[in-house]
Peer 1: 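So that we are looking at the same thing, I have put the structure below in structure tokens.
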Amino acid sequence: MCSVAKQWHIYSNQRSMPMSELTHKIQQGVIEAARALYGAELLPQQAVIQPTRKDFEGDYTAVVFPLMRLARKQPEAIGEEIGQWLCTHLEEVERYNVVKGFLNLVIADSYWNQFVRTQVDATDFGRFPASGQKIMVEYASPNTNKPLHLGHIRNILLGWSISQILEAAGHEVIKTQIVNDRGIAICRSMVAWKRWGNGTTPEQMGKKGDHFVGDFYVLFSKKFEEEYAAWQQTEVAERVFAERHQEGQSKAAFFKAFKNQYFNEFSPLGAEAREMLRKWEAGDEETLRLWRMMNNWVLEGFEETYRKLGVSFDKTYLESDTYLLGKEIIEEGLAKGIFHKDGKRIWIDLSNIGLGEKTIIKSDGTSTYTSQDLGTARMRYEEFGFHRLIYVVGDEQISHFQGLFEILRRLDEPYANGLYHLAYGMVDLPSGRMKSREGTVVDADDLIEEVVEEARQHAAERGEIAELPAEQQEDIVRKIGMAALKFFIIKVNPRKRMTFDPAESVDMQGQTGPYVQNAYVRIRSVLRKAADYEAKHAADYETLQPGERELVKLLYQYPEVVATAAREYDPSHVANYAYNLARAFHKFYHDYPILKAESEAARAFRLELSRMVARVLEQAMHLLGIEMPERM
RNA sequence: GGCUCCGUAGCUUAAUUGGAUAGAGCACCUGACUACGGAUCAGGAGGUUGGAGGUUCGAGUCCUCCCGGAGUCACCA
């Protein structure tokens, strides 16, 4: 029996699919067998190796259909011959069977046993050696005019967990957010506070800063609506309607569509907000002071929510600092003839990727989203020298990023090919899309409070932790509630639009975070009771039971799962893996006695196996930003 | 209308990237501890993978055409 690799290796085939050492060995074996038996040269992708399906005997399966032509034989015969060859040449392969064109290989118990014993304490299991790659992940871009909501939560959880996963995959990760702290929106809140705020502060009102400011934003909208409704009764409005409405357009429809123009042309409140913005841009001291104060309130509120979510950033960019960037890069683009100029307006022709003309500098000479992003990308590169930059941003901005990346490629920026937009789908409610106007936006802080409260009630009913100090209980309940929320969001493939059912998100049974935590808690409980066992007896355990094999194989797959999640920027792989591992453990726990196992060897092996399951569960959940309680 | 994404059980979803009889959870029905924690386990029922063709040993997955939904097509961010 060859020894289990001391250090974990993940191999890649030509399509860079992550592959465990065992899979790789078997694949090489199949290729060599084909050469020896048939004189055929197989490409790696022609030698497909996969875990054996549950209903068949075996651990790994080689698909031999692709060999039919080369060998000029029936698939069953090929399976037999290759199986025979592998059995004699690979020590790990104990026996085989052939079903149709599938060659099922059984790995020796001693291999699995040794795997558990050598990896149970290996701190690098599921963590990869340093790649030397630096990856920047941008994953939150809130506006400072209102509090965070459910959409931000998905964004933040995805960004955080993909960062954790990339780190586990050996990359150096720089987590960053960009805060949109300027523009007309924040000016609206400022106007409202100035007019109706009476100099109050969040502290005085006992309110979180972001909610406090958000309320003024809402107040502005309300007052503006009132103003607009009143204006519609005036003669001026009558005249505007008469002059500008389209044929057959009703009055109601016209005024509904006219709102923005009213804001810009007629509204006193609108004028005030625009004047505020003008002063801000002119650097008016008083305006800046108000702006700074209100933004700080909001940012403090955000920080608190981030803390509750358990996320942080290495670097925060403020748009007020970055919105004028890009001058230099635009000059270069003009000099290279990539950009064109009409008066003050600067644009680029992106019709080659189906985007038409894209404005980079407006005809009044001011910047655009695109110019800011161009400048910011370069600044970040100069600051950090990243190899990759991943933008975790909603899928409604797909074409913006296509355009941005294309421009940077044409400018020949050295990092242009390392840019990636991780476009996640919007979060819908069972009632449909979240709409702030209809008050259906799910507030982040409320949601967090709700899931924790739900966990608190469950815990109270169960009574398991009732005798613990209140502080510990609260910590446990928080971990459980957050696990429910986070797991619920992360288990879905990021690019899919998801429906968020609040009732389901606080579920703690079935495919949920608390279910996974429960497996961990059970193991901890068993281990507490078995403090005295001797691990070395595990080596004497010769024949693995089916439930044990199932667990070991899942454990063995873990590094592959991490590698796949990192390659695809998809944390849902890790979530689903953690669930599967927890499920296999719950079943194992139910089917086999651990502490009262039939022999000293069985007891030791099962304890070691359980210990490793706990470690891997904890690690996997950690990658998702979910903490494990010791009891629950 | 152009481009992009999506469509899997009543609901929420998975499928090792072209592999075996499409897996789970919720909800519903039925069972299982005087056992190491029942936030558990086992069983039942529930599917023409939106539809029709095609490619091949083999298709939820690839190609074509339809149907349905979403996003985007700004001198907004």
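The shown structure was predicted, so the numbers you read here are calculated from the model rather than taken from an experiment. Note on naming: letters A, B, ... go to the chains in the order of the sequence lines (proteins, then strands), and numbering restarts at 1 for each one.
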Peer 1: Ignoring hydrogens and angles, does a donor from either the side chain of A:Ser399 or the base of B:rC73 sit under 3.5 Å from an acceptor on the other?
Peer 2: no
Peer 1: Return the nearest nucleotide to the side chain of A:Thr499; candidates are B:rC36, B:rA14, B:rU12.
Peer 2: B:rU12
Peer 1: Check A:Lys344 with A:Asp364, please: is the shortest side-chain N to carboxylate O separation under 4.0 Å?
Peer 2: no
Peer 1: Taking the same atom, C1', in B:rG69 and in B:rC62, what whole-Å distance lies between them?
Peer 2: 23 Å
Peer 1: With C1' as the reference atom in both, quote the distance from B:rA20 to B:rA15 in angstrom, rounded to an integer.
Peer 2: 13 Å
Peer 1: Expressed as a whole number of Å, how far does the P atom of B:rG43 sit from that of B:rC36?
Peer 2: 24 Å
Peer 1: Without hydrogens or angle criteria, can the side chains of A:Thr61 and A:Thr52 be said to hold a donor-acceptor pair below 3.5 Å?
Peer 2: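 Looking only at side-chain atoms, A:Thr52 and A:Thr61 do form a donor-acceptor pair, the distance falling under 3.5 Å.
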Peer 1: Rounding to an integer number of angstrom, what distance separates B:rG44 and B:rG71 when you compare their C1' atoms?
Peer 2: 42 Å
Peer 1: Do A:Tyr369 and A:Gln397 have side-chain atoms, one donor and one acceptor, less than 3.5 Å apart?
Peer 2: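 Yes, because at least one side-chain N or O of A:Tyr369 sits under 3.5 Å from a partner of the opposite role on A:Gln397.
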Peer 1: Out of the candidates A:Val561, A:Leu581, A:Val613, only one should pair with A:Leu554 under the side chain to side chain contact (heavy atoms under 4.5 Å, CB included) rule; please name it.
Peer 2: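 Going through A:Val561, A:Leu581, A:Val613 one by one, the side chain to side chain contact (heavy atoms under 4.5 Å, CB included) with A:Leu554 is satisfied by A:Leu581 alone.
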Peer 1: Do A:Tyr420 and A:Tyr391 have ring centres separated by under 6.0 Å?
Peer 2: no
Peer 1: What does the 5'-to-3' dot-bracket notation of RNA chain B look like when only Watson-Crick and G-U wobble pairs under 3.5 Å count, and pairs to other strands show as |?
Peer 2: (((((((..((((.....[...)))).(((((.......))))).....(((((..]....))))))))))))....
Peer 1: Expressed in whole Å, how much space separates the P atoms belonging to B:rU16 and B:rU21?
Peer 2: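 Approximately 16 Å lies between the P atom of B:rU16 and that of B:rU21.
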Peer 1: Classify the nucleic acid contact of A:Tyr323 as base, sugar-phosphate or nothing, counting any heavy atom under 4.0 Å across all strands shown.
Peer 2: nothing
Peer 1: Touch check for A:Arg495, heavy atoms < 4.0 angstrom, all strands: base, sugar-phosphate only, or nothing?
Peer 2: sugar-phosphate
Peer 1: Which listed nucleotide (B:rG19, B:rU40, B:rC6) is nearest to the side chain of A:Lys496?
Peer 2: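 Closest nucleotide among those given: B:rC6.
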Peer 1: Which residue, A:Ile465 or A:Ile49, contacts RNA chain B at a nucleotide closer to its 5' end, judged by nearest heavy atom?
Peer 2: A:Ile49
Peer 1: Do we count A:Tyr515 as stacking onto B:rA39 if the rule is ring centres under 5.5 Å and planes under 30°?
Peer 2: no
Peer 1: To the nearest 0.5 Å, what is the distance between CE on A:Met508 and CG on A:Asn518?
Peer 2: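 One gets 12.0 Å once the value is rounded to the nearest 0.5 Å.
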Peer 1: Within 45° of the ring axis of A:Tyr424 and under 6.0 Å from its six-membered ring centre, is that where the NZ or CZ of A:Arg154 lies?
Peer 2: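 A:Arg154 over A:Tyr424 ring: no.
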Peer 1: Hey, does the Lys NZ or Arg CZ of A:Arg188 hover above the aromatic six-ring of A:Phe263, less than 6.0 Å from the centre and inside 45° of the axis?
Peer 2: yes
Peer 1: With sugar-phosphate meaning primed atoms plus P, OP1 and OP2, does A:Thr368 contact a base, only sugar-phosphate, or nothing at under 4.0 Å between heavy atoms?
Peer 2: sugar-phosphate
Peer 1: Name the nucleic acid region contacted by A:Met498, choosing base, sugar-phosphate or nothing; use a 4.0 angstrom heavy-atom cut-off, strictly under.
Peer 2: sugar-phosphate
Peer 1: Taking atom P in both B:rU48 and B:rC66, compute the distance separating them and give it to the nearest angstrom.
Peer 2: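 Roughly 25 Å separates the two P atoms.
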Peer 1: Does the structure show A:Phe102 stacking with B:rG19, if we require the centres to be closer than 5.5 Å and the planes to be within less than 30 degrees of parallel?
Peer 2: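 The base of B:rG19 is not stacked with A:Phe102 (the test needs centres under 5.5 Å and planes under 30°).
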Peer 1: Within the structure shown, what part of the strands sits under 4.0 Å from A:Arg345 by heavy-atom distance: base, sugar-phosphate, or nothing?
Peer 2: base
Peer 1: Counting only side-chain heavy atoms from C-beta out, which of B:rG19, B:rC36, B:rC75 sits nearest to A:Lys362?
Peer 2: B:rC75
Peer 1: With a 4.0 Å cut-off on heavy atoms, is A:Arg603 in touch with a base, just the backbone sugar-phosphate, or nothing at all?
Peer 2: nothing
Peer 1: Using a 4.0 Å heavy-atom cut-off, does A:Ile184 contact any base of the nucleic acid, only the sugar-phosphate backbone, or nothing at all?
Peer 2: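 Touches nothing.
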Peer 1: Which part of the nucleic acid, if any, lies within contact of A:Glu464, taking any heavy atom under 4.0 Å across all strands shown: a base, the sugar-phosphate backbone alone, or nothing?
Peer 2: base
Peer 1: Would a line drawn from the ring center of A:Phe65 to the ring center of A:Phe102 be shorter than 6.0 Å?
Peer 2: yes
Peer 1: Suppose you measure atom C1' in B:rA9 against the same atom in B:rG46; what distance do you get, rounded to whole Å?
Peer 2: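 Going atom to atom, C1' in each nucleotide, I get 5 Å.
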Peer 1: Nearest to the side chain of A:Ala459, heavy atoms from C-beta on, is which of B:rA39, B:rC36, B:rU13?
Peer 2: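 My answer, after comparing the listed nucleotides, is B:rA39.
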Peer 1: Does a side chain donor of either A:Thr316 or A:Gln177 reach within less than 3.5 Å of an acceptor in the other side chain?
Peer 2: yes
Peer 1: Want to settle it: does A:Ile353 or A:Ser572 sit nearer the 5' end of RNA chain B, counting the closest nucleotide to each?
Peer 2: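 Looking at the nearest nucleotide for each, A:Ile353 comes out on the 5' side.
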Peer 1: Assign A:Pro75 to base, sugar-phosphate, or nothing according to its heavy-atom contacts below 4.0 angstrom with the strands shown.
Peer 2: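 Nothing: the residue A:Pro75, judged by heavy atoms under 4.0 Å, touches no strand.
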Peer 1: Please report the distance separating the C1' of B:rG60 from the corresponding atom of B:rA22, rounded so that it comes out in whole Å.
Peer 2: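 Pairwise C1' distance, B:rG60 against B:rA22, rounds to 8 Å.
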Peer 1: Is the A:His537-A:Phe605 ring centre distance short of 6.0 angstrom?
Peer 2: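 Centroid separation for A:His537 and A:Phe605: 6.0 Å or greater.
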Peer 1: Is A:Thr61 touching bases, backbone alone, or none of the nucleic acid, heavy atoms closer than 4.0 Å?
Peer 2: base
Peer 1: Report all interatomic pairs (protein N or O, nucleotide N or O of nucleotides 25-35 of chain B) with separations under 3.5 Å.
Peer 2:
unit_1	atom_1	unit_2	atom_2	d
B:rG25	O2'	A:Gln511	N	3.1

Peer 1: State whether the distance check finds a donor on one side and an acceptor on the other, under 3.5 Å, for side chain A:Ser141 versus base B:rA77.
Peer 2: no
Peer 1: Measure from the side chain of A:Val492, starting at C-beta and using heavy atoms only, and say which of B:rA77, B:rU13, B:rC36 lies closest.
Peer 2: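 Output: B:rU13.
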Peer 1: By the 4.0 Å heavy-atom rule, please label A:Arg69 as base, sugar-phosphate, or nothing.
Peer 2: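 Answer is sugar-phosphate: A:Arg69 comes under 4.0 Å of backbone atoms only.
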Peer 1: Counting side-chain heavy atoms from C-beta on, which of B:rC75, B:rA77, B:rG71 comes nearest to A:Glu319?
Peer 2: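 Of all the options, the side chain of A:Glu319 is nearest to B:rA77.
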Peer 1: Using 30° and 60° as the class limits, which term best fits the ring planes of A:Phe224 and A:Tyr262: parallel, tilted or perpendicular?
Peer 2: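 Aromatic pair A:Phe224/A:Tyr262 classed tilted.
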Peer 1: Using a heavy-atom cut-off of under 4.0 Å over every strand shown, decide if A:Gln397 touches base, sugar-phosphate, or nothing.
Peer 2: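 If one applies the 4.0 Å heavy-atom cut-off, A:Gln397 turns out to touch a base.
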Peer 1: Does A:Asn493 reach a base, just sugar-phosphate, or nothing at all? Heavy atoms under 4.0 Å.
Peer 2: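 Contact class for A:Asn493: sugar-phosphate only.
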Peer 1: Go through B:rA20, B:rA77, B:rU40 for me and flag the one nearest to the A:Asn180 side chain.
Peer 2: B:rA77
Peer 1: Would you check if A:Phe65 stacks with the base of B:rG19, given a 5.5 Å centroid limit and a 30° plane limit, both strict?
Peer 2: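 Taking the rule of under 5.5 Å and under 30°, the ring of A:Phe65 does stack on B:rG19.
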Peer 1: A:Met508 near the nucleic acid: base, sugar-phosphate alone, or nothing, with a heavy-atom cut-off under 4.0 Å?
Peer 2: base
